[in-house]
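Have a look at the structure below, then the notes.
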Amino acid sequence: MALGPTWTNRSRTRGLVLDAIRAARTISRVELASATGLAGATVSELVRELIDDGLVVEAGPGAPTGGKPRTLMRLDPGPATASES
């Protein structure tokens, strides 16, 4: 199976997502997809990896929109991201 352009530049794509989270301070996966132009599934996979790597944490539910509340993401304020600021 051939890799799509998103996954062949994985490091760049992760950086794009991290930059969007950093700029927004808190942002949902749906908003990340819109801000980055990435597919929702790609954003979800990358966010999961960033959480596993200790770079991003879930910040709680977003404002109600009438459906299931969106979970907001933010950079982990721990030591791993303190050096990136």
Side-chain angles (χ1 to χ4, degrees):
M1 179 169 122
L3 294 177
T6 300
W7 293 111
T8 57
N9 294 313
R10 187 173 203 79
S11 178
R12 184 176 153 269
T13 306
R14 282 173 53 111
L16 181 68
V17 170
L18 280 171
D19 286 346
I21 295 170
R22 183 180 293 115
R25 299 201 184 253
T26 59
I27 191 168
S28 71
R29 287 172 177 87
V30 171
E31 294 165 327
L32 273 172
S34 178
T36 61
L38 298 170
T42 301
V43 167
S44 289
E45 178 66 25
L46 289 170
V47 167
R48 202 174 4 244
E49 286 180 14
L50 293 169
I51 289 171
D52 290 346
D53 291 346
L55 298 173
V56 171
V57 294
E58 291 185 344
T65 59
K68 179 181 173 186
R70 296 177 177 170
T71 302
L72 298 176
M73 306 293 117
R74 66 177 170 84
L75 294 180
D76 187 344
T81 54
S83 63
E84 293 180 5
S85 300

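From a predicted model like this one, the values you see are computed outputs, not experimental measurements.
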- Residues two or more places apart in sequence or in another chain: which of them pass side chain to side chain contact (heavy atoms under 4.5 Å, CB included) with Ala59? Thr26, Leu72, Arg74
- Item | Stepwise side-chain contact (heavy atoms from CB on, under 4.5 Å) check, Ile51 with Val57 | CA-CA 6 Å; Ile51 289 171; Val57 294; over 6 Å; no
- Message: Test: salt bridge (Lys or Arg N to Asp or Glu O under 4.0 Å). Region: residues 27-42. Which pairs qualify, not counting sequence neighbours?
- Response: Arg29-Glu58
- Residue pair Leu38 / Leu46, side-chain heavy-atom distance below 4.5 Å: yes
- Please lay out, stage by stage, how Val17 and Val56 fare under the test side-chain contact (heavy atoms from CB on, under 4.5 Å). CA-CA 10 Å; Val17 170; Val56 171; over 6 Å; no
- Item | Residues in side chain to side chain contact (heavy atoms under 4.5 Å, CB included) contact with Arg25, at least two apart in sequence or another chain | none
- With sequence neighbours left out, write down each residue that passes side chain to side chain donor-acceptor pair (under 3.5 Å) with Arg70, or none if nothing qualifies. none
- Are Leu18 and Leu75 close enough that some pair of their side-chain heavy atoms sits under 4.5 Å apart? yes
- Query: What residues, two or more places apart in sequence or in another chain, satisfy side chain to side chain contact (heavy atoms under 4.5 Å, CB included) together with Ala20?
  - Reply: Leu32, Thr36
